[in-house]
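Order of the sequence lines sets the chain letters (A, B, ...), proteins ahead of strands, with each chain counted from 1.
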Amino acid sequence: MGGSEQEGGPAGESSRHGLAELIAERRAKAQRLAASDPEAFPYAYPDVEPISTILDAYAHLADGEETEDRHRVAGRIAARRGAGRAAFLDLVDRSGKIQLHARVDVLGKEAFERLTSLDLGDLLGVDGAVLRSRHGELTLRVDAFRILAKALRPPPDKHHGLSDVETRHRRRELDLIANEDTRRRFADRAKLISAVRSYLDGQGFIEVETPVLQPLYGGALARPFTTHHNALDRDLYLRIATELYLKRCIVGGLERVYELGKDFRNEGISHKHNPEFTMVEWYEAYADYEEEARRLEEAVRAAAQAVGYSGELDFSSPWQRVSFAGSIEEATGIDVMANRDAESLRAAIVAAGLAMQTEGLAWPQLADDLLSKHVEPSLQQPTFVFDYPVELSPLAREHRSEEGLVERWEAFAGGMEIANAFSELIDADAQRERFVAQQRLETLGAEESQPYDELFVEALEQGMPPSGGVGLGIDRLVMLLTGADSIREVVLFPAMRD
RNA sequence: GCCCCGUUAGCUCAUCUGGUAGAGCGCCGGACUUUUAAUCCGGUGGGGCGGGUUCGAGUCCCGCACGGGGCACCA
């Protein structure tokens, strides 16, 4: 539907007579039910079993076999067949779907008619005996039932479901009602997050919570959202990363910390980008980026296992490893390390005949563009890209043997970046210089740079142990492990225009 | 921000060159005691918004909104 149509006002309802009538029918039924029985809609319905446990427990039942085993289920009415003196209903809960057999000779005329006059989408609780129909469908013979809630609005099509992408994202509840795939995907998301937490917890990490509202943003190169604190009468930023605060926790001696939560970046929206997204960052004293690469492999493997991933990507260790400069040279023939200023790199790009915007870009942007446009899309299988230029990585420690590089990797899979890690820069004076260099880059045309964070530098001055840190994009990992091609499919309520 | 495509009933979809907009599901009424996209009969409901061209616009033109894809931006 067009987004311009707003619900609510009498004018809006009258222009959609059909829907208004449907709602009126359902509301009248709800009122009749309430009038006929003061307890028509109970406040609770205890001892409900998941449908799937009943399906599993009676998988052995032969066609036509009946039991007197009573079970209680509850869910939403998804379909209804037959009438007269017997009817079949499909009841759906979070775990699955089961058929109900309603018989007038079991329920009596009044209750039978009350049950069969329900609408698709209504919520129903049932006590019944398990049987398998002659057609082989596991079924509950309805012995007693409670109407739990009335759906005033019609549900999506019982067979075709809801396919309109816009409605699926704006009205996620309808998507969840109509599409089992959607329900499963978000259940998988929860399992994946739980697996990552559980992995880190098991490795001695402690989960911490650092400010979302920050006086100064940092830890990534991105534009922030700004907000305002009234009592303090000052502007604050929504965090773009948790990095700097987590490192202060490492300085403080917490040794292994992680935070899993939302970051906010005020940038474009795409199938890979939502303005608020979920990231886990972990930091670990006495480890370097090699150690963290191993950890990422383990964490992702745990996540893949948790959701039973069986797709094309091979997350079994060890992942492919390439170098930043080497992968660019292989893809484009350009040696970025031999062209260390914007002028000469731009010339090399032009000479190579690459269709790329180069005007006004500083060296780091040019080098990063080469990677993201000519290398990243081809990285389908999980791959680490190692050893980035120092200009791109103001928070990473200088490479132990390669001049001009830092010890940093990014992990890619499915043509997307999923993680980023460093041997952390722990030298306070070097960090101060990097911040200054960032400010200089900004004047050379960089859109974003790392703001100078004096409090962070002072924290480093307390002495920080050699450490490794990782940031892993949860939404993108969910995309990969559930086969979603858009981040909007793995975020329950993605950002949409009003 | 730019380019391309899309928007028809509550849902899923039709509607050849401009000429009274159809179906299935749902919902309402009726038949049916093992159906499963139940079936059968009858009924109900619609062109995203705003302009323009035309005797006549869902269809052609312009603008807007929203969505999808791409670019830019963005690790």
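Note on A:Ser133: a base of the nucleic acid sits closer than 4.0 angstrom, heavy atoms only.
Using the Watson-Crick or G-U wobble rule with both distances under 3.5 Å, B:rC27 pairs with B:rG43. Across all strands shown, B:rG1 is found opposite B:rC71 as a Watson-Crick or G-U wobble partner, with both distances under 3.5 Å.
Listed by residue number, A:Arg488, A:Met496 are the residues of residues 483-496 of chain A with a heavy-atom contact under 4.0 Å to RNA chain B.
Regarding contacts with the backbone of B:rC74, every side-chain N or O of A:Lys272 stays at 4.0 angstrom or more from both OP1 and OP2. Regarding contacts with the backbone of B:rA72, every side-chain N or O of A:Ser270 stays at 4.0 angstrom or more from both OP1 and OP2. The phosphate of B:rC71 (OP1 or OP2) has no side-chain N or O of A:Lys373 nearer than 4.0 angstrom. Taking side-chain N and O atoms only, A:Arg223 has no distance below 4.0 Å to OP1 or OP2 of B:rC73.
In this structure, A:Arg340 is positioned above the aromatic face of A:Trp363, its NZ or CZ under 6.0 Å from the six-membered ring centre and within 45° of the axis.
Using atom C1' as the reference point in both B:rC4 and B:rG19, the two lie 31 Å apart (nearest Å). The separation of B:rC62 from B:rC5, taken at their P atoms, amounts to 11 Å, rounded to a whole angstrom. Annotation: B:rU44 and B:rG22 have their C1' atoms spaced 15 Å apart (nearest Å). B:rG1 and B:rC13 are spaced 30 Å apart, taking the P atom of each and rounding to whole Å. For the C1' atoms, the distance linking B:rG69 with B:rG50 amounts to 27 Å, nearest Å.
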So which protein nitrogen or oxygen atoms get under 3.5 Å of nucleotides 30-32 of chain B's nitrogens or oxygens?
unit_1: B:rC32; atom_1: N4; unit_2: A:Gly84; atom_2: N; d: 3.0

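Shown are A:Glu291, A:Glu292, A:Glu290, A:Glu297; of these, the side chain to side chain donor-acceptor pair (under 3.5 Å) with A:Arg294 is made only by A:Glu291.
A donor-acceptor contact closer than 3.5 angstrom links the side chains of A:Asp387 and A:His399.
With hydrogens and angles ignored, no donor-acceptor pair under 3.5 angstrom links the side chain of A:Arg134 to the base of B:rU34.
Residues passing the ring pair (Phe, Tyr, Trp, His ring centres under 6.0 Å) test with A:Tyr217, sequence neighbours excluded: A:Tyr237.
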